[in-house]
Amino acid sequence: MRIIDDPNLLSAPDLCGCNFVPTMGALHAGHGSLVERARVDGRPVIVSIFVNPTQFGPREDYARYPRTLDADCALLEPLGAAAVFVPPVEAIYPRGLDAAREEAAALALPEVATKPGLEDACRPTHFGGVALVVGRLFDLVRPARAFFGEKDYQQLRLIEDMVAADRGRFGALEVVPCPTVREGNGLAMSSRNRYLAPEERDAALALSRALQIAHSAQRVATAERLMRDTLDAHGLETEYAVVRDARTLLPVTGFERPTRALIAARLGSTRLIDNAAMTVWR
Ligand code: PAF
């Protein structure tokens, strides 16, 4: 696998106009599907692996976040990624981490990352760090297209709006949303699933079950109650289980327009999120 840690090497002629899959490593089949989708138009695919300190809150799992570079390269090799970009912290944050955290906190984020009261409320410093690192990675990699999973739906919407709002910086970059990849039992794939003890894996299925049960509800309040009841029944602590406008992520009163059900819940020391499109009733 071609591993690049020096951003200057990203301008090699065979990597120009690439498709880009940004990740924090601990790769799984969900990341693999992003690489497969990124390969279809024949452009070279660059995958970045960078556990971004600025998007973790002080009491979050930055230190224990899995770092598995050898296994990640073994997963990427057969998928035909042209290179994996593994920048050192100094390449992303040359002025140091304290300055980077200040910069992240001062960023003007799109409303979809500040208004909905979802991840933005539960993890108040998270999206500043995401916007900062993704912008920086885009500046360095200069991709034609960038691929993001719908599993982190609010993150995806943030990046879509951030890119659309700053064409001067990001040019014609296209943000490509990709469906969540699930295990056979419905569990959304996530690097954090490896924190789950074997007995917690069953309880973790409550998220996808809750989304399925709520899927065809005809009232928003009913869908939200069904989701909460399912999470409670499996012993999860709900942070939110709501139906929102699929674009703005603001509250809705009905299903006449595209909506999304979104869940965040805690299982022991692990925080899990999932989401799904709801049926549109006209
Ligand atoms: O979704 C992720 O893995 C991360 O938030 C991202 C987009 C790579 C930024 O660090």
Side-chain angles (χ1 to χ4, degrees), residues 4 7 10 18-35 37-38 45-57 60-69 71-72 75-76 81 83-89 91-93 97 100-101 103-104 107 109-110 112-113 118-120 122-141 143 145-163 170 173-181 188-195 262 264 270-275:
I4 294 179
L10 293 168
C18 68
N19 284 341
F20 181 41
V21 180
T23 81
M24 297 205 300
L27 302 183
H28 49 68
H31 297 109
S33 82
L34 299 180
V35 176
R37 287 178 77 102
V45 177
I46 297 183
V47 177
S48 66
I49 295 180
F50 179 69
V51 185
N52 173 35
T54 65
Q55 71 187 73
F56 289 81
E60 293 184 356
D61 56 345
Y62 175 67
R64 78 159 172 155
Y65 199 86
R67 283 139 172 106
T68 58
L69 184 59
D72 293 347
L75 183 140
L76 291 174
V84 54
F85 176 44
V86 189
V89 174
I92 301 293
Y93 300 127
L97 270 184
R101 288 205 174 89
E103 194 180 343
L107 280 182
L109 298 176
V112 76
L118 303 172
E119 292 304 286
D120 51 309
C122 299
R123 305 181 68 191
T125 58
H126 176 62
F127 284 135
V130 169
L132 186 65
V133 78
V134 171
R136 181 82 181 124
L137 288 166
F138 286 166
D139 291 342
L140 294 172
V141 177
R145 305 170 85 199
F147 295 72
F148 291 88
E150 289 180 340
K151 160 87 175 14
D152 294 292
Y153 191 80
Q154 194 177 6
Q155 168 178 279
L156 164 68
R157 288 289 307 110
L158 154 65
I159 292 161
E160 286 176 333
D161 285 4
M162 178 178 96
V163 168
F170 300 115
L173 169 61
E174 184 191 347
V175 176
V176 183
C178 301
T180 301
V181 176
M189 290 199 182
S190 162
S191 303
R192 289 187 167 98
N193 289 351
R194 57 186 87 194
Y195 298 153
L262 303 113
T270 307
R271 183 173 188 274
L272 299 167
I273 58 171
D274 201 352
N275 69 85

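Start at 1 and go down the list; that is how both ligands and their atoms are numbered.
- For Phe85 and Phe50, the ring centers are positioned 6.0 Å apart or more.
- Within ligand 1, the atoms closer than 4.0 Å to a non-hydrogen atom of Val133 are 9 (C), 10 (O), numbered from 1 in the order shown.
- Judged by a 6.0 Å distance limit and a 45° cone about the ring axis, Arg101 is not positioned over the six-membered ring of Phe56.
- Of the heavy atoms in Thr23, only backbone atoms (N, CA, C, O) come closer than 4.0 Å to ligand 1.
- Distance check, rounded to the nearest 0.5 Å: CG of Leu156 to CD of Glu150 gives 6.5 Å.
- For ligand 1, the atoms sitting less than 4.0 Å from at least one non-hydrogen atom of Gln155 are 1 (O), 2 (C), 4 (C), 5 (O), 7 (C), numbered in the order shown with element in parentheses.
- Contact atoms of ligand 1 toward Gln55: 4 (C), 5 (O), 9 (C), 10 (O) (distance under 4.0 Å to a heavy atom of the residue).
- Stacking of Arg145 on the aromatic ring of Phe20 is not recorded, the 6.0 Å distance cut-off and the 45° axial limit not both being met.
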